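Reviewing the structure listed below.
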There are 2 protein chains.
Amino acid sequence: MALPSTDTSRHDNTLAVIRTLRDRGPAARVDLGTLNGISSATVTSISAELLQQGLITERPPEAPRPNGRGRPKTLIELAPNAACVVCVKLSINEIQLVVGDFAGQVRHSEHHTVSTLTLNADDLEALLEDKISALCTRQLTGFQRLAGICLAVQGVVSSQSGTIIWSPALSFRNAPISARLAKRFHCSVLLENDANCIASLLAAQPAYADCPNLVVIMLGYGIGMSVLISGVPFLGANGSAAEFGHSKYQPDGALCACGRRGCIEAYASDYALYRAAADPLELPVGDSAHPSEQQMQALTQLALHGNPVAKRIYAEAGRALGVGIANVLALFNPDLVLITGSGVRGFDAMQTAMHGAIDNALVAELRGTTRIESCAWDRDMTCMGGIAIALNATDSQTLLDSQTAREA
Amino acid sequence: MALPSTDTSRHDNTLAVIRTLRDRGPAARVDLGTLNGISSATVTSISAELLQQGLITERPPEAPRPNGRGRPKTLIELAPNAACVVCVKLSINEIQLVVGDFAGQVRHSEHHTVSTLTLNADDLEALLEDKISALCTRQLTGFQRLAGICLAVQGVVSSQSGTIIWSPALSFRNAPISARLAKRFHCSVLLENDANCIASLLAAQPAYADCPNLVVIMLGYGIGMSVLISGVPFLGANGSAAEFGHSKYQPDGALCACGRRGCIEAYASDYALYRAAADPLELPVGDSAHPSEQQMQALTQLALHGNPVAKRIYAEAGRALGVGIANVLALFNPDLVLITGSGVRGFDAMQTAMHGAIDNALVAELRGTTRIESCAWDRDMTCMGGIAIALNATDSQTLLDSQTAREA
DNA sequence: CCTATTTACTTTAGGTACTAAAATAAATAA
DNA sequence: TTATTTATTTTAGTACCTAAAGTAAATAGG
């Protein structure tokens, strides 16, 4: 007589079990209960359903168990092939595709060099369809379903509407991309800012577990930021929040790639550093708007080894970064600011000036106790974060699908 | 056999009913069900309990009902005297105390002139105890219980720890105040930033119902801000988020009351405007660090009526405000920025320069669709917001108390 | 005035989901 | 071999919710 679809507790508890297994690996029912604040009787009931649906498996007991007394724990774990997700990272002149399984492990990764700036919106869509289709044929056999695709894009995106508003990798704007891919691949397509992917990944690491309010700043060709509030990425009214790179250091200051003046990015990004150094240091110009990694490393070495011009340029970048971070501290007061991205290569050359600028800008009461740290950069981090986001976002649907599949 | 204290649905639904009644006034059971997505059978059950506990009453049917056919609705409403809360607003040289009833109505308000800057932490506590005690004796008879006290304080406060970290109204710092008052009055004591109180009040207004991400900027002696994310006030790691007034306009610019240079507040607050104008306009100096409302109104009139010096000062303030708001747009991307506080008196003189600075700072993609509006200021708004916050925060405890009282 | 209709509220019956406690399972310690 | 320990499953019972049926209280229209 009753159809209490409003009662979400079973659903919530089931998702909690799945996420715990993904985050912490195989676990016993009793531990899953403790970790999620539910009784082990309930975990028994939930895991029986998930076993039926093929979303988890029971791990056979290991031969040499070094445990103590008592009945040994029966570990359950996610069935890796129950579903997979694809993360596509779109950056300047490069596309990376990564496949992750239901347990969150990376199963395949590939890079493609593409001159992204010459594409139009239809080209991009055709290209993505093409690459993802090929991936489906070659890599996704053996998976029960493709649960979702995450597009990680540098720049301003609207996650809600699935529209790339403005990306430095693309010469067109306001491209609704998610809907078309969702239709083509019959799965949910998430559009995320690349910094949000990184932040989600970092926030899940035990080292940062005590920092629910976390700001991640990505230095690189441009400057991105992601803000996690209570562990949840903060998106503004239309998804273009946290544009740290375009907050202001000097009104009417240096010219930024966005076309305005005085943005932090116009001082501390790769192109800004190289632009400032090219003339006085007589560096090779080439495409100075897009300096290569080698060029940037050479410049960084100059600054770190005492070249006065390079030192001055990095110090000014540090000051800009410091003023920007001071504003972030005043406005967000996070537990931790993490600085990463390929541009961390130059962090040591900026650090002193940055801390000086922060201390100069804020009194102790406003400065607070926020830690400011840098974090080594790995170009696969974005996609790993994207996979985690995609799995989390699609668990509910995967659950539903496997329920109806079992009933039929 | 079961004691499912983890099952919160009844509790949640009961709170939802109470809040709906407070926000929208008397309502019928059937409407409460529709509004909260629960069946009217459940509302019948919940309201029966609340009637028992004396938290709501049934309103007698009105004689001339202009309704249509069918059994008339039986309206239920909150029993105003079931509980009360007190909001104490602490600002420079003034303390305001307001009593609100369980239905959210203001029942009493009083102002006291106190030279707050000469108090030490113990003086303040004694003073507050004294004023609240007197209020209890005179105004709180007839109420079932004092559910809570909200302290609305200008400056940086830690809500979590109940500590006033730094307030322009006080000459001491880091004062834990909530715990001591809670002990004295046997009720929960909330410490809130004054801007958060205003923001909570405004967010509840139907005019702003479509703006879940709302930034409220308070202009006045200082400059405060509150950020509501999905309708919830955003507090940082230690509660001192949203210090808009001390975000930067010009590194190494004008001196701010905080001791540092270049803060927005050092350009656009009352003291900054008066300081900039006093010398060239030969204004009466007196205590120019705390200009009076009359002095500020006179200065504003000069700017609005074309005095070139005053116009220039207000334009510069507008630019500072504009750059600060541009940073807020880039970092938070809210639906709406509302500017209020006593300083809105000068908003017309700043507005043009402010919009110019925003447009100059951000390209359209980053500027987004955020509305920027001003909002008339009323000095009672803070306490009304504080009362709403206190009631919301204490409903759960009030419910619990009245349950145990009924059982005993 | 009486009856049909309409709408609001209450009661009943049935279902989901949880928990505590008891029962069972599977190991080690002695 | 037995006692003990720990994990999992089963059982019994509770809280909550909803749909449907029942009851209440009004109006509309003959």
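Values reported hereafter were calculated over all heavy atoms of this structure, with side chains retained and with hydrogens, waters and symmetry mates removed. Convention: sequence-line order gives letters A, B, ...; per-chain numbering from 1. Model, not experiment: these values are computed from the prediction.
Between the base of C:dA26 and the side chain of A:Arg71 there is no donor-acceptor pair shorter than 3.5 Å. At a cut-off of 3.5 angstrom, the base of D:dT8 holds no donor-acceptor pair with the side chain of A:Arg29. You won't find any donor-acceptor pair under 3.5 Å spanning the side chain of B:Arg69 and the base of C:dT7, going by distance alone.
The separation between B:Asn36 atom CG and D:dT18 atom P is 11 Å, rounded to whole Å. Whole-Å rounding puts the B:Glu58 CD to D:dA24 C1' distance at 13 Å. Residue B:His11 contributes atom NE2, which lies 22 Å from atom P of D:dT14 at whole-angstrom precision. A straight line from NZ of A:Lys73 to C1' of D:dT5 spans 12 Å, rounded to a whole angstrom. What separates CG of B:Asp12 from P of C:dA17 is a distance of 18 Å, to the nearest Å. The nearest whole Å value for the distance from the CG atom in A:Leu75 to the P atom in D:dT8 is 8 Å. Rounding to whole angstrom units, CD1 of residue B:Ile76 and P of C:dA8 are separated by 14 Å. Atom-to-atom, CG of B:Leu32 to P of C:dT10 comes out at 12 Å; the value is rounded to the nearest Å.
Of the two residues contacting DNA chain D, namely B:Ala41 and B:Glu49, the nearest-nucleotide position lying further toward the 5' end is that of B:Glu49.
The shortest distance between the side-chain N/O atoms of A:Thr42 and the OP1/OP2 oxygens of C:dT19 is below 4.0 Å. Here B:Thr44 reaches the OP1 or OP2 of C:dT10: one of its side-chain N or O atoms lies under 4.0 Å away. Between D:dC17 and B:Ser39, no contact under 4.0 Å exists linking OP1 or OP2 to a side-chain N or O. The phosphate of D:dA7 has neither OP1 nor OP2 within less than 4.0 Å of any side-chain N or O from A:Thr74. Distances shown here put a side-chain N or O of A:Asn13 below 4.0 Å from the OP1 or OP2 atom of C:dC18.
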**Item:** Residue pair A:Asp380, A:Val98: steps toward the side chain to side chain contact (heavy atoms under 4.5 Å, CB included) verdict
**Value:** CA-CA 9 Å; A:Asp380 286 345; A:Val98 174; 5.6 Å; no
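Minimum atom distance to the side chain of A:Ser9 is reached by C:dC18, of the listed D:dC17, C:dC18, D:dA25.
The pair A:Asp395-A:Arg22 meets the salt-bridge criterion, since a charged nitrogen lies less than 4.0 angstrom from a carboxylate oxygen.
Side-chain atoms of A:Asn13 and A:Thr42 form no donor-acceptor pair, as typed in the model, at a separation below 3.5 Å.
At most 12 heavy atoms of other shown residues, nucleotides or ligands fall within 6.0 angstrom of atom CE in B:Met384.
Across all strands shown, B:Ala28 has heavy atoms under 4.0 Å from sugar-phosphate atoms exclusively, and none from any base.
Using a 4.5 Å cut-off on side-chain heavy atoms (C-beta onward), B:Arg145 and B:Cys187 make no contact.
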